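Before any comments, here is the structure.
By convention in this document, chain letters (A, B, ...) are assigned in the order of the sequence lines, proteins followed by strands, and residues within each chain are numbered from 1. Heavy-atom basis, side chains included; hydrogens, waters and symmetry copies ignored. The structure displayed is predicted, hence computed values, not measured ones.
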Amino acid sequence: MPQLTLPDGSVRDITLPTTGRELAALLPAALAARAIGIKVGNEIRDLASSVTEDAPLRVILADDRDPDALYLLRHSAAHVLAEAVCALFPGTRLAYGPPTDEGFFYDLAPPRAISEDDFPAIEAKMREIIAADRPFTRCEYEPAAGLARTAGDKYKTDNAERALARGAPRLSFYVTGIPGEGWEDLCAGPHVPSTKWLSACKLLAVSGAYWHGDQRSDRLTRIYGTCFASEAGLQAYLRRIEEAKQRDHRKLGKELDLFHIEEDNPGQVFWHPRGWTIYLALMEYMRAKQRQYGYVEVHTPTVMARALWERSGHWDKYRDNMFITESEKRDFAIKPMNCPGHILIYKQGLKSYRDLPLRIAEFGSCVRNEASGALHGILRVRGFVQDDAHIFCREDQVESEVALFCRMLTEVYADFGFGAERIEVKLSTRPAQRIGSDESWDRAEAALANAVRAAGLSYAISPGDGAFYGPKLEFTLVDALGRGWQCGTIQLDTNLPSPERLDAHYIGEDGQRHPCVMLHRAILGSLERFIGILIEHFAGRFPLWLAPEQLRILPVSDDHLPYARQVRARCQDAGLRATVDERADKLGAKIREARLMRVNYFAVVGAQEAAAGTVSLQDSRGQRLGAMPVEALVQRLREEVTARRLPAPDPASAA
RNA sequence: GCUGCCUUAGCUCAGGGGUAGAGCACUUCCUUGGUAAGGAAGAGGUCUUGGGUUCAAAUCCCAAAGGCAGCACCA
């Protein structure tokens with residue numbers, strides 16, 4: 001006998017058959033009025049559908065916190081969008097309109113180009129449809145009859161054929177309004193009961209997309225929008241988008257004078273003094289961490305001969321992404337990865353099992369010929385530096401090495417404020433095309449899974465996503481706005497060290513040669529990208545230990561310049577990055593400038609301070625910290641640097 | 001790379017077939033000040049680039065480059 005779980009957690013036995021509406025009627029009236037669908041097992045269905053199977057049941061209420069509710073709302077909103085576009089642009093053909101994580105889109109082929117200027121008209125039409133409170137009605141047809149309804153429309157016919165190929169017994173259409181009269185679209189559903197639920201709805205963007213994602217296929221117009229159960233939910237979402245815009249690392253990078261990218265040299269970063277200060281602090285931090293975890297650091301050539309890339313397999317598989325050059329009729333390539341170089345270092349001298357594991361690290365400067373459309377600020381560039389390392393070990397050392405790596409990684413992430421709750425781990429397992437025995441894949445996958453668990457992290461499995469030569473772990477950070485950024489990775493590789501490839505081996509206890517297992521790993525990923533993420537995560541307000549300008553001393557007038565310089569000298573001697581604002585501006589202007597530049601602390605010095613040997617301290621948010629002797633200031637800041645203290649969470653952050 | 005949109009002063013942007021505009025920043029001068037912008041004057045532009053239409057193009061058309069969004073890519 002199936003059971004219905006009520007919103008308060010209580011459970012009721014249900015007699016079959018029943019319908020969604022009957023289930024909703026079992027809820028308190030106030031909740032029943034918000035019912036928009038049901039969940040049968042893992043399947044979301046229309047409120048009007050009937051239930052005949054024994055499965056856990058739940059009524060879906062219009063609620064911004066319920067992903068199933070948002071799914072229903074957004075899927076339905078996509079339909080209303082499509083109807084509005086069809087009404088305003090007769091002749092529009094529809095391809096595909098699914099919900100997404102944050103909203104929905106509809107791919108369609110309008111008779112003329114649609115731009116954001118058309119949004120007000122489309123939204124007005126949508127509001128009209130929504131205000132009309134028209135029911136979504138499901139109509140099912142036998143395959144032949146259903147296909148007849150899509151005849152002449154190649155997109156819908158294709159969708160219908162695909163649905164049948166996936167085993168759908170019948171084709172379903174949804175009518176908004178009265179069947180036979182209302183607007184109709186081929187759709188598997190499910191939908192909300194009526195258009196009235198879709199009032200918190202907004203169009204966001206328009207762009208191009210290809211049919212089936214194929215560049216050679218038809219080009220379609222994709223209109224993006226989102227929908228929430230409540231106006232409050234929609235407004236909160238729009239505020240979050242606005243906040244993300246304010247934190248955009250490209251905007252802050254310019255405003256805070258951290259870096260720039262030359263128009264004539266796309267995809268490579270010119271780091272300015274302030275940005276480079278962050279870069280160096282980050283690199284020195286990682287260098288110390290690596291030393292602590294038993295890594296040795298190396299440096300390999302930027303340009304290497306074609307023969308080496310042929311042996312590593314890159315010339316074959318990765319050439320399109322490599323910058324290639326020549327000298328005296330020989331081909332060379334700028335390195336896109338560091339692994340071959342590290343193997344060459346490993347192979348200098350015969351290695352014993354006693355030498356393993358050997359952890360070789362490099363701040364590896366890589367250049368990849370990324371497609372122009374992929375470039376994005378400093379998050380996706382052509383030239384970047386990886387905190388790369390390769391661990392050479394025996395197979396029986398894999399698990400402990402991965403565990404050690406996970407420990408190091410969680411320690412590093414925590415230092416930037418990403419605790420376990422802000423780390424998502426994905427384990428990519430064996431693909432269909434692979435080398436190696438099933439037993440060795442079993443061992444490798446289990447080793448990675450055990451190591452992640454040992455680090456106190458949970459993980460999701462991504463079946464079949466591993467490389468052909470080994471499984472991998474990918475670590476995604478969730479930032480202050482709840483967005484995910486993939487940074488760390490560790491990948492098991494038995495291919496590159498094999499005798500057929502670069503032949504990295506060791507002499508075992510048995511006196512025989514054995515191929516190494518190699519672990520490719522990175523924690524930050526690329527320094528460029530990681531700094532971009534930090535800029536957005538901290539909204540430009542870096543922790544003191546990373547900040548380009550930790551303290552700015554603001555003399556009240558020129559008379560106090562000598563004292564200000566004296567304070568600066570003391571702070572610099574103590575290793576702090578301190579400056580003096582020497583401009584002939586009034587104090588208010590100096591404070592404004594210091595705050596706009598997110599200088600962590602600024603110290604006002606005037607006659608009182610000079611006489612007392614103190615400063616009046618304030619932080620970048622304008623918090624007054626009072627007068628304190630210069631030595632107390634130095635101590636306070638040094639302590640904060642040493643502890644790598646994080647800034648207080650930004651009140652504007654959503655997540 | 002593909003599609004669409006965008007490109008005007010160092011920055012943020014307005015304008016628009018017929019002497020190129022604002023705010024901020026910059027330079028100089030005045031002001032020496034106490035917690036988010038003191039005042040005045042000045043300088044600053046091949047309106048991304050190349051073609052075309054026109055008596056006349058920064059403006060309209062075509063192309064290229066770069067940027068933005070999305071797609072594809074990210075072993």
Side-chain angles (χ1 to χ4, degrees), chain A residues 100 105 107 110 112-117 204-224 245 248 250-251 254-255 257 260-267 312-314 316-321 336-337 339 368-377 379-382 384 428 431 433-434 465-470 472 474 486 489 491 493 495-496 520 525-526 529 554-561 583-597 602-610 615-627:
Chain A
T100 62
F105 64 79
D107 283 349
R112 71 151 173 95
I114 291 179
S115 77
E116 293 191 16
D117 297 340
L204 298 171
V206 59
S207 76
Y210 297 95
W211 195 32
H212 297 158
D214 180 354
Q215 282 185 23
R216 290 159 305 190
S217 187
D218 297 9
R219 202 196 72 74
L220 302 168
T221 297
R222 176 171 293 183
I223 300 177
Y224 285 89
K245 227 184 260 175
D248 190 307
R250 294 165 296 188
K251 175 173 156 24
K254 194 180 283 178
E255 286 174 5
D257 193 17
H260 84 275
I261 296 174
E262 281 289 316
E263 172 169 331
D264 292 332
N265 195 49
S312 69
H314 287 84
D316 226 24
K317 293 210 173 106
Y318 205 71
R319 195 173 359 159
D320 285 350
N321 278 299
M337 293 176 203
C339 18
R368 296 181 186 172
N369 192 9
E370 301 285 357
S372 57
L375 303 178
H376 183 87
L379 296 181
R380 187 80 183 271
V381 286
R382 291 192 173 135
F384 55 95
S428 296
Q433 294 290 319
R434 59 180 184 265
D465 269 356
F468 70 93
Y469 47 75
K472 66 179 169 188
E474 286 178 339
Q486 203 236 295
T489 179
Q491 185 164 353
D493 185 358
N495 177 55
L496 213 48
H520 306 250
S526 105
R529 183 177 148 83
L554 311 180
V556 171
S557 85
D558 289 357
D559 296 344
H560 314 111
L561 264 173
R583 295 169 313 164
D585 271 316
K586 291 176 92 166
L587 183 60
K590 293 176 188 175
I591 288 174
R592 179 180 145 84
E593 176 71 9
R595 290 190 60 177
L596 286 175
M597 289 299 279
F602 51 93
V604 174
V605 297
Q608 298 155 30
E609 288 79 5
V615 303
S616 290
L617 196 63
Q618 198 167 141
D619 71 17
S620 68
R621 287 216 174 81
Q623 187 97 315
R624 304 239 188 135
L625 303 163

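- The base of B:U32 lies outside donor-acceptor range of the side chain of A:Asp559, with no N or O pair under 3.5 Å.
- Straight-line distance from the CD1 atom of A:Ile223 to the P atom of B:U3: 19 Å, rounded to whole Å.
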Give RNA chain B the dot-bracket treatment, 5' to 3': Watson-Crick (N1-N3 with N6-O4 or O6-N4) or G-U (N1-O2, O6-N3) under 3.5 Å, [ ] crossing, | other strand. (((((((..((((....[..)))).(((((.......))))).....(((((..]....))))))))))))....
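- The gap from the C1' atom of B:A14 to that of B:U8 amounts to 10 Å, rounded to the nearest Å.
- Nearest-nucleotide assignment on RNA chain B puts the 5′-proximal partner with A:Gly622, out of A:Lys472 and A:Gly622.
- B:A58 sits 15 Å from B:U54 when the C1' atoms are compared, rounded to a whole Å.
- Comparing A:Gly267 and A:Leu596 by the nucleotide of RNA chain B whose heavy atom lies nearest to each, the residue mapping closer to the 5' end is A:Leu596.
- A:Arg222 contributes no side-chain N or O that, together with a main-chain N or O of A:Asp107, makes up a donor-acceptor pair within less than 3.5 Å.
- Scored by the side chain to side chain contact (heavy atoms under 4.5 Å, CB included) test, A:Glu474 finds A:Lys426, A:Lys472, A:Gln486, A:Thr489 as partners (sequence neighbours excluded).
- At the heavy-atom level, A:Gly588 lies under 4.0 Å from the strands shown only through sugar-phosphate atoms.
- Between the CD atom in A:Gln608 and the NE2 atom in A:His560 there is a gap of 9.0 Å [rounded to 0.5 Å].
- Panel note: side chain A:Arg382, backbone A:Arg368; no donor-acceptor pair is recorded below 3.5 Å.
- As judged by a 4.0 angstrom heavy-atom cut-off over every strand, A:Lys586 is placed among the base-contacting residues.
- Syn is the glycosidic conformation of B:U19, whose angle stays within 90° of 0.
- Considering only heavy atoms from C-beta on, A:Pro555 stays 4.5 Å or farther from A:Arg583 through its side chain.
- Counting to the nearest Å, the P atom of B:A25 and the CD atom of A:Glu255 are 14 Å from each other.
- Residue side chain A:Arg380 reaches the base of B:C73 through a donor-acceptor N/O pair under 3.5 Å, judged by distance alone.
- Taking only side-chain atoms of A:Arg222, from C-beta outward, the nucleotide of B:A37, B:U35, B:G70 with the closest atom is B:G70.
- A:Glu593 comes within 4.0 angstrom of nothing in the nucleic acid, heavy atoms only.
- Atom-to-atom, CG of A:Leu375 to C1' of B:C68 comes out at 12 Å; the value is rounded to the nearest Å.
- The closest side-chain heavy-atom distance from A:Phe468 to A:Asn495 is below 4.5 Å.
- Among B:U35, B:U31, B:G1, the nucleotide with an atom closest to any side-chain atom of A:Ala584 is B:U31.
- Listed nucleotides: B:U32, B:A37, B:G34. Nearest to the side chain of A:Val556: B:G34.
- If you check every strand for non-hydrogen atoms under 4.0 Å, A:Ala371 touches a base.
- Within the 4.0 Å cut-off from OP1 or OP2 of B:G67, not a single side-chain nitrogen or oxygen of A:His376 is found.
- For the pair A:Arg250 and A:Asp248, the salt-bridge criterion is met [side-chain N within less than 4.0 Å of a carboxylate O].
- Of the listed nucleotides (B:U35, B:G34, B:A37), B:A37 has the atom at the smallest distance from the side chain of A:Arg592.
- Across the P atoms, B:G17 and B:C11 are found 26 Å apart, a figure rounded to whole Å.
- Nucleotides B:C47 and B:A57, compared at atom C1', are 11 Å apart to the nearest Å.
- Nucleotides B:U7 and B:U19, compared at atom C1', are 24 Å apart to the nearest Å.
- Atom P of nucleotide B:A36 and atom CZ of A:Phe602 are separated by 8 Å, given to the nearest angstrom.
- Among the nucleotides B:A75, B:U31, B:G66, the one closest to the side chain of A:Glu263 is B:G66.
- By the neighbour-count criterion of 12 heavy atoms within 6.0 Å, atom CD of A:Gln433 is sparsely surrounded, having that number or fewer from other residues, nucleotides or ligands.
- Put simply, CG on A:Asp320 is 13 Å from C1' on B:A75, counting in whole angstrom units.
- Applying the side chain to side chain donor-acceptor pair (under 3.5 Å) criterion to A:Ser428, with sequence neighbours excluded, gives no partner residue.
- A distance of about 29 Å separates the P atoms of B:C29 and B:A9, rounded to the whole Å.
- B:C5 and B:A43 are spaced 35 Å apart, taking the C1' atom of each and rounding to whole Å.
- Remark: A:Asp585 does not engage A:Lys590 in a salt bridge, criterion side-chain N to carboxylate O under 4.0 Å.
- Of all nucleotides listed (B:G38, B:A72, B:A36), B:A36 comes nearest to the side chain of A:Ile591.
- The nucleotide whose nearest atom lies closest to any side-chain atom of A:Ala374 is, among B:C73, B:U31, B:A75, B:C73.
- Of the candidate nucleotides B:U35, B:A69, B:C73, B:A69 has the atom lying nearest to any side-chain atom of A:Arg250.
- When the P atom of B:C68 is taken as reference, atom NZ of A:Lys254 falls 10 Å away, rounded to whole Å.
- At the heavy-atom level, A:Thr221 lies nowhere under 4.0 Å from the strands shown.
- Comparing B:C71, B:A72, B:U32 by their nearest atom to the side chain of A:Tyr224 picks out B:C71.
- Rounded to an integer number of Å, the gap from A:Asn265 CG to B:A65 P is 16 Å.
- One can find a donor-acceptor pair under 3.5 Å joining the base of B:G34 and the side-chain atoms of A:Glu609.
- Picking from B:G66, B:A75, B:G1 the nucleotide with the shortest atom distance to the side chain of A:Ser372 gives B:G1.
- As rounded to the nearest Å, B:G51 and B:U28 have C1' atoms that lie 44 Å from one another.
- Note: CD (A:Gln491) to P (B:A75) measures 8 Å, nearest angstrom.
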